[in-house]
Amino acid sequence: MARREKMRQIADRGIDPFGCRYDDRTMMEECQEMASEVRWVKEDGTTVELPDFSDAQLDYRQWKSDQSPGAETGPTVRVAGRIMLSRGQGKLIFLTLKDWTGEIQIFVGKKQVGDEDFELAKLFDLGDLVGAEGRLGRTNTGELTVFAEKLTFHTKMLEPPPDKHAGLTNQDLRQRMRYADLAFNDGVLETFLDRTKIVKSVRTTLDQDGFCEVEGPTLHTVAGGAAARPFATHHNALDMPLTMRIALELHLKRLMVGGMERVYELGRVYRNEGISPKHNPEFTMLECYQAYGDYNSMMDLTEQIIVNAIEAIGGGFVREYDGNQVDFTPPFKRATYAELFQQATGIDPKDDAAVIQLAKNLNLETENRHLDVVRNEIFEEKVEDSLTGPIFVIDYPASICPLTKRKRDNPEIAERFELFVLGMELANAYTELNDPDLQQELFETQLQGLDEEESMAKMDHDFIRALRYAMPPAGGLGVGIDRLVMLLTGKKSIRDIILFPLQRPES
RNA sequence: GAGGGUGUAGCUCAGUCGGUAGAGCAACGGACUUUUAAUCCGUUGGUCCUGGGUUCGAGUCCCAGCACCCUCACCA
């Protein structure tokens with residue numbers, strides 16, 4: 001109850017323990033940038049640059065006595081943030097204050113702030129939100145510091161903070177109490193701010209390329225556009241079953257029929273499937289469609305999106321992920337599905353007998369299954385994991401791509417690419433199928449060996465009708481935003497880049 | 001869904017062969033006007049995940065359950 005008792009004592013001093021408006025803050029980052037404005041002024045009025053504080057040998061106290069007589073000067077700042085560390089020293093307290101741009105040390109001396117504010121400072125606890133106004137300067141050890149002249153109390157933290165060194169490491173608690181994770185664990189806030197920068201950059205890239213952003217329905221009567229199990233729900237007034245969307249595709253294509261020639265949606269989709277370090281039931285997808293384009297134009301766009309996202313968060317094109325180095329310098333490699341298949345297995349993918357034999361050797365099911373499904377399982381098993389990338393795998397077997405246009409000179413091959421990085425599928429794009437009759441046929445003929453949930457082909461009569469109103473030839477692209485954020489922020493678990501991943505409720 | 005691991009103070013973690021529950025940080029009291037995870041002295045703090053069982057005696061051994069983590073499967 002110590003914190004509540006201090007809160008009462010703060011209130012007794014006539015101060016609202018939950019604070020109020022506080023204008024004209026200098027953010028911590030700005031304070032750090034203002035370090036060069038801290039100078040030494042000699043008695044004769046001449047100004048001297050301070051020494052190099054990055055020099056570990058530097059003794060600032062000695063330096064100052066060498067410069068004497070004179071005094072340090074610096075700009076006056078007004079900062080507010082959370083108390084991360086506190087070092088009491090009798091009539092002197094050092095606070096480490098953090099806002100969302102960085103940290104700075106506050107020097108609170110009894111003589112400097114006066115008795116009243118010093119008594120207030122004694123009621124501060126780790127985790128409290130406080131403000132300080134004073135001159136920016138350097139302590140004897142050279143640390144950039146706000147020498148407080150006035151203190152402000154903003155908000156009392158009523159819970160004890162996590163371990164000030166180790167932070168909150170329990171994964172369960174980190175997700176359950178993301179607020180504490182963000183506030184007390186180094187780098188967590190920065191990672192999520194990077195996520196925001198990446199998403200913003202994706203939007204900017206598309207906006208500047210003339211795409212318009214739309215919001216499609218998340219409640220679908222037919223969960224199409226991908227192969228996944230949907231969440232089922234129900235509308236009471238209409239007494240109608242509904243599913244949460246598993247993809248954005250089919251509504252965006254309807255909009256292209258309507259004349260939105262460059263359209264995208266960046267939004268949440270929901271899949272009722274397993275949870276893993278790479279899967280969350282709700283995740284963020286980008287899908288964009290460009291009329292009169294094809295999958296080649298989508299490859300260029302994909303590169304542009306990724307290149308711009310990397311530049312938005314910095315750190316260069318060569319990135320470290322899980323001990324691997326990935327070079328995102330464009331252009332990315334391109335290879336056909338067939339040649340990668342051949343390279344990895346030594347078998348010509350067109351040699352049906354050899355493919356079946358290989359599948360049997362790998363203990364894959366071959367009975368009653370379309371050969372392209374078998375081929376693709378071999379591809380997933382033997383090729384995908386070995387793709388360091390970034391690499392565009394192009395030209396997929398047509399029968400596993402029911403929404404994709406076939407190559408004009410070869411109906412067995414679909415104009416599709418997937419972008420792989422370290423075995424992860426980062427993007428998936430087609431030259432879009434816009435022939436309503438063929439689309440209907442592909443929806444009707446379920447692939448052998450695949451039940452409805454495993455197939456992308458789900459009959460959607462309204463979508464077929466839309467295509468009959470003429471959808472322009474187009475390229476379409478889907479990007480798994482969470483995967484992109486994971487790769488660019490170096491996080492190995494999707495739970496580290498989704499603010500509130502799904503969890504069971506606390507008992 | 002299958003296998004493995006973890007669960008002890010607010011947080012991070014020890015806990016030997018089954019024998020009265022431990023440390024660091026935080027909190028509380030004290031000293032200290034240039035500290036850096038400040039330091040020093042003292043104090044407080046426990047449903048050992050839950051429920052059964054074995055035993056004179058269980059944090060420790062056994063069984064069941066719950067939660068989280070990892071791997072695999074499904075998938076992006």
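Proteins get letters first, then strands, A, B, ... in listed order; numbering begins at 1 in each.
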**Q** So, does A:R504 get its side chain near the phosphate of B:A67, meaning an N or O under 4.0 Å from OP1 or OP2?
**A**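 Yes, because at least one side-chain N or O of A:R504 sits under 4.0 Å from OP1 or OP2 of B:A67.
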
**Q** Passes side-chain hydrogen bond (donor to acceptor under 3.5 Å, both in side chains), A:Q503 versus A:D172? Steps please.
**A** CA-CA 9 Å; A:Q503 276 184 304; A:D172 183 28; 3.0 Å; yes

**Q** Please tell me if A:R495 has a side-chain N or O lying less than 4.0 Å from either OP1 or OP2 of B:C69.
**A**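 Result: yes.
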
**Q** Using the P atom on both, measure B:A58 against B:U12 and round to a whole Å.
**A** 29 Å

**Q** A:D125: which residues meet the side chain to side chain donor-acceptor pair (under 3.5 Å) condition with it, sequence neighbours left out?
**A** A:K6, A:K156

**Q** Specify whether A:F379 and A:F341 have parallel, tilted or perpendicular ring planes, treating 30° as the upper limit for parallel and 60° as the lower limit for perpendicular.
**A** parallel

**Q** What is the distance, to the nearest angstrom, from the CD atom on A:E380 to the C1' atom on B:A76?
**A**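 Rounded to the whole Å, the gap is 12 Å.
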
**Q** For B:G30 and B:G51, measure between their C1' atoms and round to the nearest Å.
**A**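 To the nearest whole Å, 46 Å.
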
**Q** So is the aromatic ring of A:F94 stacked onto the base of B:A38, judging by whether the centres are under 5.5 Å apart and the planes are under 30° apart?
**A** no

**Q** With heavy atoms under 4.0 Å as the rule, sort A:D172 into base, sugar-phosphate or nothing.
**A** sugar-phosphate

**Q** Taking protein heavy atoms under 4.0 Å as touching, what does nucleotides 26-33 of chain B look like 5' to 3' if B marks base contact, S marks sugar-phosphate-only contact and - marks none?
**A** SSS---BB

**Q** Can you tell me the base-pairing partner of B:G45? Count Watson-Crick or G-U wobble geometry only, both distances below 3.5 Å, and say none if there is no partner.
**A**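 Pair assignment: B:G45 / none.
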
**Q** Can you give me every donor-acceptor pair (side chain of residues 75-83 of chain A, partner residue at least two apart or in another chain, under 3.5 Å) with its distance?
**A**
from	atom 1	to	atom 2	distance (Å)
A:R78	NE	A:D23	O	2.8
A:R78	NH1	A:E133	OE1	3.0
A:R78	NH2	A:D23	O	3.3
A:R82	NH1	A:G127	O	2.9

**Q** Considering only the P atoms, how many Å lie between B:U43 and B:U55, rounded to the nearest integer?
**A**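 Each nucleotide's P atom is 42 Å from the other's.
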
**Q** Mind checking what makes ring-ring contact (aromatic ring centres under 6.0 Å, His included) contact with A:F124, not counting sequence neighbours?
**A**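 A:F124 satisfies ring-ring contact (aromatic ring centres under 6.0 Å, His included) with A:F153 only.
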
**Q** In whole angstrom, give the distance that lies between atom CH2 of A:W63 and atom C1' of B:U34.
**A**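 Whole-Å distance recorded here is 17 Å.
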
**Q** Would you measure the distance from the P atom in B:A2 across to the matching atom in B:G65 and give it in whole Å?
**A**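 11 Å, rounded to whole Å.
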
**Q** Could you give the CE-to-P distance, from A:M157 to B:C11, as a whole number of Å?
**A** 12 Å

**Q** Considering only heavy atoms and no angle criterion, is a donor-acceptor pair shorter than 3.5 Å present between the side chain of A:T169 and the base of B:U12?
**A** no

**Q** Just the rounded figure in Å: distance from P of B:C72 to CD1 of A:I275.
**A** 17 Å

**Q** Taking B:U47 as the reference, what is the distance to B:A21 when you measure between their C1' atoms (whole Å, please)?
**A** 14 Å

**Q** According to a strict under-4.0 Å criterion, is A:R87 in side-chain N/O contact with OP1 or OP2 of B:U35?
**A** no

**Q** For the pair made of CD in A:Q171 and P in B:G7, what is the distance, rounded to whole Å?
**A** 16 Å

**Q** Looking for any heavy atom pair under 4.0 Å, which part of the strands does A:E143 touch: base, sugar-phosphate only, or nothing?
**A**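 The residue A:E143 makes base contact.
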
**Q** Could you check which nucleotide pairs with B:C13 in any of the strands shown, counting Watson-Crick or G-U wobble with both distances under 3.5 Å?
**A** B:G22

**Q** Using a 4.0 Å heavy-atom cut-off, does A:L173 contact any base of the nucleic acid, only the sugar-phosphate backbone, or nothing at all?
**A** sugar-phosphate

**Q** For the C1' atoms, the ones on B:C68 and on B:A27, what distance do you get once it is rounded to whole angstrom?
**A** 28 Å

**Q** The criterion is side chain to side chain donor-acceptor pair (under 3.5 Å); which residues satisfy it with A:D395, sequence neighbours excluded?
**A** A:Y295, A:K407

**Q** Given atom CZ of A:R229 and atom P of B:A73, what is their separation to the nearest angstrom?
**A** 17 Å

**Q** Please determine, for B:U6, whether a Watson-Crick or G-U wobble partner exists with both distances under 3.5 Å, and give it or none.
**A**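 WC or wobble partner is B:A67.
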
**Q** For B:C72, which nucleotide is its Watson-Crick or G-U wobble mate, given both distances must be under 3.5 Å?
**A**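 Result: B:G1.
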
**Q** Nearest heavy atom decides the nucleotide; on that basis, is A:E282 or A:E159 closer to the 5' end of RNA chain B?
**A** A:E159

**Q** On a plain distance test, is the side chain of A:D163 in donor-acceptor contact with the base of B:G24 below 3.5 Å?
**A**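 Pair found.
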
**Q** Between B:G46 and B:C11, how far is it from one C1' atom to the other, in whole Å?
**A**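 Taking atom C1' in both B:G46 and B:C11, they lie 15 Å apart.
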
**Q** Please state the P separation for the pair B:U60 and B:G42 - nearest whole angstrom.
**A** 33 Å

**Q** So which nucleotide does B:U35 pair with, by the Watson-Crick or G-U wobble rule with both distances under 3.5 Å?
**A**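 Paired with B:U35, as far as the under-3.5 Å criterion goes, is no nucleotide at all.
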
**Q** Under 4.0 Å between a side-chain N/O of A:R61 and OP1 or OP2 of B:U34, yes or no?
**A** no

**Q** Answer with yes or no after comparing the ring centroid distance for A:Y60 and A:F53 against a 6.0 Å cut-off, counting only values under it.
**A** yes

**Q** Rounding to a whole Å, what distance do you find between A:E273:CD and B:A76:P?
**A**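 To the nearest whole Å, that distance equals 7 Å.
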
**Q** Grab the CD1-P distance between A:I83 and B:A37 for me, whole Å please.
**A** 17 Å

**Q** Please confirm whether A:R416 makes a cation-pi placement over A:Y430, using NZ or CZ under 6.0 Å from the six-membered ring centre and within 45° of the ring normal.
**A**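 So A:R416 doesn't make the cation-pi contact.
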
**Q** Look at the rings of A:F94 and A:F107 and say which category their plane angle falls in: under 30° parallel, 30 to 60° tilted, over 60° perpendicular.
**A**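 Perpendicular, since the angle between the ring planes exceeds 60°.
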
**Q** Within the structure, does a side-chain N or O atom of A:Q105 lie under 4.0 Å from either OP1 or OP2 of B:U34?
**A** no

**Q** Using a cut-off of 4.0 Å on non-hydrogen atoms, how would the nucleic acid contact of A:D482 be classed: base, sugar-phosphate, or nothing?
**A** nothing

**Q** Apply side chain to side chain donor-acceptor pair (under 3.5 Å) to A:D66 and list each qualifying residue two or more places apart in sequence or on a separate chain.
**A** A:Q62

